[in-house]
Amino acid sequence: MTDLENFLNNLDEKLNINQLDAINHKDGPALVLAGAGSGKTKVLTIKIASLIKNKKCGTNELLALTFTNKASKEMIFRISQILSSKLDFPWMGTFHSISYKILRINSELLKGNYNSNFSIYDPTDQLKIIKNIIKINDLDLNKYEPAKIRGKIDSLKNSLLYDEWEFEDDKEEQIIKTYQSKLESLNAMDFGDLILKFYELLTINNNFKERIQKLFKYVFVDEYQDTNIIQFRLINIISNPDKNLFAVGDEDQSIYGWRGANIENILQFKKFYPDTKVYKLEQNYRSTPQILNVSNHLISNNSERLEKNMWTENVKKENVKLWSFDDDREEAKHVAKEILKNLNVFKYEDIAVFYRTNAQSRVLEEELRKANVKYKIYGNISFYERSEVKDCISFLKFIINPDDEMAFDRIINLPPRGLGKKTVEKIKNISIQENENHYKSLINIIEGDILSKKIIKSLEVLRNCIEDFKKNLNEFSSISESFEKFLIDLGYFDYLKDDDKLGNVSEFLNYIAEFELSSETNDISDFLNSLMLSSSTDDMIDSSSFVTLMTVHLSKGLEFPCVYVVGIEEGLFPHSRSMYSTSEIEEERRLCYVAFTRAISSLNLSYCKMRRMFGSITYASMSQFLDEIIECDDLEEINVMFESTSNERVFHYKFGNGFIDTNDNDNFEDVVTVVFDSGAKKKVFVSDLEEIE
DNA sequence: GAGAGATGTATTTTT
DNA sequence: TACATCTCTC
């Protein structure tokens, strides 16, 4: 018996023949096509565990790239469980966090002004810098829209090396190149840079490349269908020359095309790696046959696919339900009511509500709160995007990276201490003249007695607080305590006043304290960047008791016994912005497929005829995706029965006689709900109604 | 220079 | 609607 067979025989977990095949894969490139709920994490973790167990490689010689931090944490946990020992996998993580780690260690190899304390700029920071450049160069903000330029920068970074970039015109080139050199001078990188700079290093520094190639004996990539071109090229270099690349993915779940993900990476895998062994996991262990059947039906309308047929041995339960409503308010009310009704079958944490756009969460939130349903919304504004938390982050960023002008701008007059726009410009100019970082110039100004007494006095406050912070940090080495004292001394708490904001700051301090407990480095830079690179689902706790609300995008990789997918309307899902090309429609369909396949035993779909969007009313019809599945035997259409709640008789020129429904207390202006004698319940304009005696 | 209030404008998905 | 930016007043 081989080591591997021996290892597998002693496992508690049962594996099917295809899963076994994939795990038995010897060296060389492998592509595992793992459909939704087919046990891909099981295959990945057992595969990795067997390599470690049989001493094929060490835990630090294995690169495993996941889509979220949560996924990598879970993998590490499960591998440790299989091998019954707590293991550390330093190179298991998201593309961004692994690239960050590599760049930080090798920062001296980077071109330009970079050092290991570089800052990471988020999309908001990007936009600010771009706007500023356009203004300074006196260009038309309408012709060169900052958001579009940012999109262009991101897509360039997702696909090409810096010197391969091409531009629309000279002005665009000027803006983008200025942006790039600005980031370099500020010792800062955006998300795209993190991966592109790692890749660039591999292409220009042979020594570095060989070191990396030697370090990683095996390369694993999860969610391969959502890798972009640069990630593909990066993986390709790293997994050479042995090509021990083990990629796991599902082309039907590729939903990040708009972010540069290139579905061809998985569709053409065999072309790129001719020796590839392909393994297919087609048995679904998650969902009922009804849910799977409806999902299969839907996705079969796509053409950008590999051949794959999902099936299940699970027992039949309830049919997939399709509800229709007059408007989003009713839909939300219904979801709240159903959740309460189902609490004898499902617990709060078993239930999830998915929607296409973040804006849809508002009505749901209101109705769930009214109905006393406990819920948690993921995504939307993430914690670190709140202004007071951004303030705190900027203080820390500026302290460790005094080149960071974004952070400097934010905190130089915070809390307000009499420094205006003009003064700040002066300080920056001095910094440029002296060719020093902003903090050094600030000290030079104080010591050299340049600028007015008033200004120097207020600069001194900031400097003293920063110096005290550094001193405290050295003495007590507690970031959270030193930082709290810093904020008190600076008068930041007094300035905030607002209880919610103060609460958020103290939560931020707790975050730091937690980080200090769990990390051995105790490094502020590491803390800040782990915060920037974390996703909203990373700290999801399975056992906490509330209903989960999130966009379909965020739901990838998760599963829930009971799922509601709301707002499946033409123009919303598929979204109106993606209705111009078949390939974009196909991505929307995959998105819908992802939503459906999260469900374990109960799947509830719904759409509305009318929806409130940005204050005005829009009308919509059932999504084409619903058209595609409506004939399915496992789908059940349900009509909500209405009862009128008033005696006010009215006549409508088109719909005839009916009663006004006063149950619906949140009618729009000029619009009222009427239950007509035909049984239909409709929202109509008051001006179209006549009172009947 | 600070803060309140008015005005205007853009609204997909996110590491 | 909601958020950023501009304008006005103190």
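What you see is a predicted model; the values in this text were computed from it and never measured. Each chain gets a letter, A, B and so on, in the order the sequences are listed, and its residues count up from 1. Just so it is clear, the values below take in all heavy atoms, side chains as well, and ignore hydrogens, waters and symmetry mates.
Counting to the nearest Å, the P atom of C:dT1 and the CD atom of A:Q360 are 17 Å from each other. Note: CG (A:D222) to P (B:dT15) measures 16 Å, nearest angstrom. Atom NZ in A:K70 sits roughly 13 Å away from atom P in B:dT15 (whole-Å rounding). Atom CG in A:D190 sits roughly 18 Å away from atom P in B:dT14 (whole-Å rounding). Atoms CG (A:L591) and P (B:dT13) sit 11 Å apart, rounded to a whole Å. Rounded to whole angstrom, the span from the CG atom of A:N228 across to the C1' atom of B:dT14 amounts to 13 Å. Distance A:K556 NZ to B:dT15 C1': 11 Å, rounded to the nearest Å. One interatomic measurement links the two molecules: CZ of A:R410 to C1' of C:dA4, which rounds to 13 Å at whole-angstrom precision.
The ring pair (Phe, Tyr, Trp, His ring centres under 6.0 Å) check on A:Y619 picks up nothing, with sequence neighbours excluded. Annotation: ring pair (Phe, Tyr, Trp, His ring centres under 6.0 Å) contacts of A:F232 (sequence neighbours excluded): A:F272. A search for side-chain contact (heavy atoms from CB on, under 4.5 Å) contacts involving A:A34 returns A:V32, A:S38, A:K40, A:V248, A:L281, not counting sequence neighbours. For the side chain to side chain donor-acceptor pair (under 3.5 Å) test, residues two or more places apart in sequence or in another chain that qualify with A:E570 are A:Q624. Partners of A:W258 under the ring pair (Phe, Tyr, Trp, His ring centres under 6.0 Å) rule, at least two apart in sequence or in another chain, are A:Y256, A:H553. Checked against side chain to side chain donor-acceptor pair (under 3.5 Å), A:T41 has no partners two or more places apart in sequence or in another chain. Shown here are the side chain to side chain donor-acceptor pair (under 3.5 Å) partners of A:S623, two or more places apart in sequence or in another chain: there are none. For A:Y199, the ring pair (Phe, Tyr, Trp, His ring centres under 6.0 Å) test picks out no residue, with sequence neighbours left out. A search for side chain to side chain donor-acceptor pair (under 3.5 Å) contacts involving A:D409 returns A:K428, not counting sequence neighbours.
Salt-bridge formation is not detected for the pair A:K370/A:E366: no Lys NZ or Arg NE/NH1/NH2 atom is positioned less than 4.0 Å from an Asp or Glu carboxylate oxygen. In summary, A:D190 and A:R150 do not engage in a salt bridge, as defined by a charged side-chain N under 4.0 Å from a carboxylate O.
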Show the distances under 3.5 angstrom between N or O atoms of the protein and N or O atoms of nucleotides 9-12 of chain B.
{"from": "B:dT12", "atom 1": "OP2", "to": "A:R577", "atom 2": "NE", "distance (Å)": "3.4"}
{"from": "B:dT12", "atom 1": "OP2", "to": "A:R577", "atom 2": "NH1", "distance (Å)": "3.4"}
{"from": "B:dT12", "atom 1": "O4'", "to": "A:H575", "atom 2": "NE2", "distance (Å)": "3.3"}
{"from": "B:dT12", "atom 1": "O2", "to": "A:R356", "atom 2": "NH1", "distance (Å)": "3.0"}
{"from": "B:dT12", "atom 1": "O2", "to": "A:R356", "atom 2": "NH2", "distance (Å)": "2.2"}

Between N or O atoms, less than 3.5 Å apart, protein on one side and nucleotides 5-10 of chain C on the other: list the pairs.
{"from": "C:dT5", "atom 1": "OP1", "to": "A:K131", "atom 2": "NZ", "distance (Å)": "2.9"}

Strictly under 3.5 Å: I want the nitrogen or oxygen pairs between protein and nucleotides 2-8 of chain B, one per line.
{"from": "B:dA2", "atom 1": "OP1", "to": "A:N413", "atom 2": "ND2", "distance (Å)": "3.2"}
{"from": "B:dA2", "atom 1": "OP1", "to": "A:G418", "atom 2": "N", "distance (Å)": "3.3"}
{"from": "B:dA2", "atom 1": "OP2", "to": "A:N413", "atom 2": "ND2", "distance (Å)": "3.3"}

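Separating the P atom of B:dT13 from that of C:dA4 is a span of 16 Å, rounded to the nearest Å.
Of the candidate nucleotides B:dT15, B:dG1, B:dT13, B:dT13 has the atom nearest to the side chain of A:T551.
Between A:K454 and A:L533, the residue anchored closer to the 5' end of DNA chain B is A:K454, taking for each the nucleotide with the nearest heavy atom.
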